[in-house]
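Before any comments, here is the structure.
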Amino acid sequence: MRPPSLARQIVAWLAAPESREYLLGDLTEAFTARLERDGPRRARRWYWRQALLAAWHRGRCRQDGSRTPDRPQPRRLNMSEWWRDVRFGVRTLARTPVYAAVAVLTVALAIGANTVLFGIANPLLVRTLPIKDATTLGWVLFDSPADVNARGLASPAQFLEWRGQARSLTDLAARETHGATLTGHGDAEHVTVLGATASLYALWGLHASVGRVVSAADERPGAPHVALLSHHYWEQAFQAAPEVLGQTVFVDSQPTTIIGVMESDLELYGYGSIDLWTPEQFEATPSRSARTLRVVGRLAPGATRAQATSELRALVTESARIHPETDAAWTPRVISTREAMTSPETWILLSLLGVVVGFVLLIACANLANLVLTRLVARRQDLAVRQGLGASRLELVRPLLIESLLVGLAGGALALAIARGALRLINATAYDAMLQRVDIDRNVLIFTAVLSVLTPVLFSLWPALGVGRGSIADVLRQARTAGGKHTERRRQVLVGVQVALALSLLVMSSLILQTVVNYQHLDPGFDMAHELTFRVEPPAHRYPDDRSRGRFAATAVGALAAIPGVTAAAAATHLPVFDEDTMETFTGTLHDGQRDADRPSASSYAITPTFFRTLGIPVLAGRAFTDVDGAGSAPVVILGRLAAVKYFDTPAQALGRVVSLGSRTGRIEATVVGVVGDTHSSQVTTTVPQLYVPFAQRPASALTLIVQAVDPVTRTADIRRTMRTLDPEVAISLPKTIQQLADADRGDNRIVGGLFLGFAVLALVLAAGGLYGVIAYSVGLRQREIGVRLALGAAPRSVGRLILSESLRVTAYGVAGGLLLAWLLGQAAASVLYGVSPHDPATFGMMTALVFLVAVSSVCAPVARAMGVNPATVLRGD
Amino acid sequence: VSDLTVGEFELLVLLALLRQGVEGYGVSIAADICERTGRDVSLGAVYKTLDRLTAKGWVLARVGDPTPERGGRRKKHFRLSAPGLRALRQALAGLRNMTDGLESAFKV
């Protein structure tokens with residue numbers, strides 16, 4: 001273990017050249033001794049102390065350097081003047097510990113808030129992606145006019161067209177993820193597969209550590225099936241054995257040859273959990289209706305994203321003329337990597353938080369500017385004398401600037417400690433993988449360091465500008481009545497601005513908090529407290545047809561329901577809210593045929609009879625499915641309430657109607673036998689028309705099983721055992737409670753809400769402190785005026801009223817500005833709010849009242865002091 | 001402060017050097033002072049003083065050999081010179097004169 005290098009450099013830099021070597025040698029020797037005796041921690045602390053003491057002594061000796069025979073060089077003299085000011089600053093601050101503590105704490109909290117946010121945003125802003133030349137990539141999205149939030153996917157036919165024709169976007173690559181069952185190597189396992197074109201590997205710069213990556217030949221229709229193992233799956237399932245090359249496994253019962261192992265896991269989106277990489281194989285006549293592909297390409301040299309967008313749009317318009325039914329509704333858009341990596345909501349929230357912490361910093365600066373102004377006024381005479389003796393303005397201001405810099409640096413150091421604690425708390429409570437890892441790294445350190453220097457400049461520059469202006473004689477003459485109208489005005493403006501910023505932050509944060517609470521109490525239309533769910537994909541070679549799949553679902557549900565402690569079980573194609581909706585159009589309603597856009601559509605689910613009971617969804621009219629609604633019996637359908645009302649006016653009218661649904665074997669006519677309560681859609685906050693068909697009449701190849709139990713988590717082992725007994729070749733995903741799914745989806749909202757709340761409260765406290773400071777100071781200055789007023793017979797009450805009305809006037813100006821600002825911020829936040837209007841009058845009113853309340857209570861003490869002024873004492877003092 | 005008076009810290013350093021003969025150096029002096037007075041002195045301060053005492057001609061320095069525990073750096077030993085010893089005597093005499101007759105005040 002060696003001495004801390006930075007401290008060693010400080011010593012080396014400060015030590016007199018003639019004794020440098022010996023001093024460093026001594027320090028190293030003593031450090032080594034301490035290392036053995038006290039351990040590394042205390043030894044390092046000792047070394048640092050030595051270094052700082054050396055710095056201190058060096059400065060002191062420099063200062064009286066004129067006595068030593070070797071007079072320092074002029075430049076050094078200058079340095080030593082700065083150094084003297086540093087020492088002077090430390091001493092001044094030490095003499096006014098309350099000011100020092102308040103100032104440092106204010107800076108620390110404000111910079112700390114900024115550091116926390118930067119720490120969170122940092123990985124999004126500056127992270128280096130594990131892919132090649134991310135800046136020149138163009139990611140293709142689709143906007144569908146019907147739903148602005150839909151980020152559509154391309155169809156294989158479309159992709160191949162673009163690949164052949166697009167000029168501004170080259171090396172186009174497509175990819176899709178899906179689940180599969182892997183057999184032929186130990187137990188059946190459910191794996192996540194990324195199907196990608198060969199071009200993706202070159203585009204993203206992905207390599208195989210063993211074997212080769214996918215080539216263009218593997219994409220051709222009928223080419224032998226091949227796959228690469230992801231790095232982690234190779235290690236987990238194949239013990240990192242190099243002999244895997246050439247082995248054959250079965251992916252969804254297709255014999256597949258392993259051609260390689262990926263070099264590393266791709267930490268991008270959720271791609272780190274990909275197990276298998278396969279070629280994207282296109283059929284001879286690629287589909288135009290199945291939109292499954294995500295497309296990305298590299299911008300041609302000189303081409304912009306806007307050009308690429310318009311080129312793709314032109315291609316789509318062209319193909320939409322020939323295939324209007326599949327291509328017309330989708331407009332492509334090419335976006336940057338950064339946009340593609342993070343949802344617009346995240347950017348909006350981060351920007352709003354950025355505004356919040358920026359405001360907090362401004363409020364803190366305004367506070368400190370006020371304090372500095374006060375200190376300057378106190379030193380006014382001193383400064384005037386110095387100026388009279390010929391000091392330049394820079395020399396007058398320098399001690400002040402240095403003192404502020406010291407405050408800034410100390411505050412910055414404390415801010416790091418605060419931010420570290422806050423980030424640790426976020427790590428511990430977050431569900432999001434990135435939030436679990438946010439930490440203080442080099443970028444954050446640089447950010448904080450820059451802020452620690454900029455903040456003091458910001459808050460001491462304005463007061464400093466007034467230094468050295470005006471007549472010296474005036475200052476010296478009116479020694480007692482410090483301040484003056486001008487500075488008084490300046491202070492009030494500062495406080496007004498603080499109040500405005502604080503109010504706007506309070507309003508916005510309160511809106512966001514209400515949103516978070518609304519999400520938390522969101523009723524999705526079904527029970528979330530007692531359900532455990534998991535997904536299974538019965539392998540196709542064992543369950544090749546509808547009949548066997550339907551039977552599997554029924555048997556599984558029966559077996560699960562028989563587990564002790566389980567109160568109900570069901571199967572469905574997918575879950576509401578947590579899975580994407582699959583929209584399906586149908587006919588046979590009261591409102592058919594007026595316009596094409598009116599074609600009734602609904603989000604459809606195939607479910608087993610116990611589905612509604614298991615999820616606690618109420619049956620509003622008619623009946624739920626029963627075991628009678630089997631594969632061979634008459635087709636039946638159940639509608640959600642919204643669908644029933646929208647297409648049949650009332651639930652009662654919907655019963656007994658026959659609707660025509662699409663199916664693999666042509667259209668089927670199904671009778672509406674029931675109407676149930678609506679559940680929310682995958683948009684979480686809204687609902688769409690819904691329809692349900694019996695799983696037995698439309699079995700899917702993969703299904704979600706739902707188990708209801710009083711204490712669902714404790715049933716996990718039983719569930720695994722039951723499923724294994726049922727069929728050991730069926731892989732199941734990790735069972736999770738629905739509450740866990742909900743938490744993973746939006747549990748981190750709490751952190752967002754907490755940040756907004758914390759920052760807004762901080763802003764309010766700082767602004768209240770600012771108001772208090774200004775009023776208390778003004779009362780202090782006006783002692784004499786108040787004394788005269790009282791002596792001339794003014795009632796203490798009226799004096800109190802005077803002071804109070806002054807502070808309320810300042811607050812009122814601030815509130816007016818703050819309401820305007822809050823209105824604008826609310827507008828900006830509108831798209832991320834839920835369940836509360838961006839201009840909610842109650843919120844605006846309550847926050848305004850809160851600001852006034854805090855304003856009044858923060859000036860209570862100075863007002864009381866003004867009322868308690870003893871005229872005799874004050875006037876005698878003259 | 002004239003060049004002939006002995007500062008308080010200088011006095012401590014001179015006394016430590018006297019005790020340690022020819023082998024005294026930064027670490028040993030700092031340790032001695034710390035042990036006997038309970039003052040946590042920094043090596044930087046000790047060197048500062050030693051440099052000043054050397055400049056006054058009261059202390060003589062001798063450069064020793066580098067050792068591994070010093071990171072390969074050489075060691076500088078210090079000892080009192082004749083003028084240094086004289087100055088020390090003078091200072092102590094002054095101190096003794098000042099404390100003369102005050103012994104009762106120092107009794108524990």
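In what follows, every chain begins at residue 1, and chains take the letters A, B, ... in the order their sequences are listed.
More than 12 heavy atoms of other residues, nucleotides or ligands shown are found within 6.0 angstrom of CZ on A:Arg34.
In this structure, no portion of A:Arg2 lies under 4.5 Å from any heavy atom of chain B. Both the backbone and the side chain of B:Tyr25 have a heavy atom closer than 4.5 Å to some heavy atom of chain A. Of the atoms belonging to B:Val63, it is side-chain heavy atoms, and not backbone ones, that fall under 4.5 Å from chain A. In this structure, no portion of A:Arg20 lies under 4.5 Å from any heavy atom of chain B.
Minimum heavy-atom separation, B:Arg73 to A:Glu21: CD-O, 3.4 Å. The minimum heavy-atom distance linking A:Gln50 with B:Val41 is given by the pair NE2-O, 4.0 Å. Taking all atoms of both residues into account, the shortest heavy-atom contact from B:Lys75 to A:Tyr22 is C-CD2, 3.9 Å. Between B:Gly44 and A:Leu23, the shortest heavy-atom distance links the atoms N-CD1, 4.1 Å. Heavy atoms only, all atoms of each residue included: A:Asp26 and B:Gly26 are closest at OD2-CA, 2.8 Å.
Ranked by heavy-atom pairs under 4.5 Å with chain A, the first of B:Asp40, B:Val46, B:Thr54 is B:Asp40.
Using a 4.5 Å heavy-atom threshold, the side chains of B:Arg70 and A:Thr32 count as separate.
A donor-acceptor pair is defined here as one N or O able to donate and one able to accept, closer than 3.5 Å; no such pair exists between the side chain of A:Glu29 and the backbone of B:Val27.
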